[in-house]
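What follows is a set of notes on a single structure, which appears directly below.
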Amino acid sequence: MRGWHSSPDATYDFSFNGNRLEIKTSTRPTRLVWLRGSQTVRDADPCLTYLSIYAPIDDAGINVRELSEQIKAQLPTSLLTIFDEKLGFYDLANCKKRFDLRSATGSFRFVSSSDIPTISAEDPRILEIQWKCSFDNLPSSGDSVSWM
């Protein structure tokens, strides 16, 4: 819980003991996600792992607000304040899409940063690059031990 980013604008979603985790979710089995140049490194970074989650839309499923309530109900009292602070960054009332939680949790694929395709911008006038990437065919070779 303490490793969860302290700002929604943070570069990575989690940072813990020198390791970083960036979570990418997709509602399509192709796992198409947007990547930013500031999150992707040119050289392999053994401390950076991506977690790809396929969360299929399901009208009978759960939404992010309901999921956060389930998580909160299982947290020890010592972490409730931190969890509430982190959730305060988001407007969960606008998270209305429902997804299949069981499928989503069964779809976790940890991907090493060295397996993420990159785009290079050598021109110093280019400040940020964003591209769509398919995680569908990337190997599940990332370090899940630090995060599970």
I'd like to check the side-chain contact (heavy atoms from CB on, under 4.5 Å) partners of [X]; sequence neighbours left out, ordered by chain and number.
{"X": "T11", "answer": "Q39"}
{"X": "E128", "answer": "R36, S38"}
{"X": "I129", "answer": "I119, A121, I126, W131"}
{"X": "T27", "answer": "I57"}

Please answer: with hydrophobic residues joined when any side-chain heavy atoms are less than 4.5 Å apart, are Y54 and L32 in the same cluster?
-> no

Indicate if L67 and F14 have the same hydrophobic cluster label, given that clusters are the connected sets of ILVMFWY residues with side-chain heavy-atom separations under 4.5 angstrom.
-> yes

What's the shortest heavy-atom distance between [X] and [Y], and which atoms?
{"X": "F83", "Y": "S68", "result": "CE2-O, 3.5 Å"}
{"X": "P56", "Y": "A104", "result": "CD-N, 4.5 Å"}
{"X": "L35", "Y": "P117", "result": "CD1-O, 4.4 Å"}

What distance separates Y12 OH from C47 SG, expressed to the nearest 0.5 Å?
-> 10.5 Å

Say you draw a straight line from CG of N94 to CG of N63; how long is it, rounded to the nearest 0.5 Å?
-> 11.0 Å

Apply salt bridge (Lys or Arg N to Asp or Glu O under 4.0 Å) to [X] and list each qualifying residue two or more places apart in sequence or on a separate chain.
{"X": "D136", "value": "none"}
{"X": "R98", "value": "E66"}
{"X": "K86", "value": "none"}
{"X": "K97", "value": "none"}

Sequence neighbours excluded, which residues qualify as side chain to side chain donor-acceptor pair (under 3.5 Å) partners of [X]?
{"X": "S103", "result": "D100"}
{"X": "E69", "result": "R65"}
{"X": "D59", "result": "none"}
{"X": "R109", "result": "none"}

Determine, for R20 against E22, whether the closest basic-nitrogen to carboxylate-oxygen distance falls under 4.0 angstrom.
-> no

Do S26 and R31 have a side chain donor and acceptor closer than 3.5 Å?
-> no

Counting C-beta onward and ignoring hydrogens, is there a side-chain heavy-atom pair between [X] and [Y] closer than 4.5 Å?
{"X": "Y50", "Y": "L48", "answer": "yes"}
{"X": "I62", "Y": "Q70", "answer": "yes"}
{"X": "T49", "Y": "N19", "answer": "no"}
{"X": "L51", "Y": "I23", "answer": "yes"}

Return the orientation label for the Y90 and W4 ring planes: parallel under 30°, perpendicular over 60°, tilted otherwise.
-> parallel

Pick from V33, D115, I53: which one makes a side chain to side chain contact (heavy atoms under 4.5 Å, CB included) with F135?
-> V33

Determine, step by step, whether I116 and V111 satisfy the side chain to side chain contact (heavy atoms under 4.5 Å, CB included) criterion, reporting the C-alpha distance in whole Å, the side-chain angles of both residues, the deciding distance to 0.1 Å, and the verdict.
-> CA-CA 8 Å; I116 303 295; V111 178; 3.8 Å; yes

Counting N and O atoms only, with roles assigned by atom type, does the side chain of K24 sit under 3.5 Å from a partner on the main chain of W34, one being a donor and the other an acceptor?
-> yes

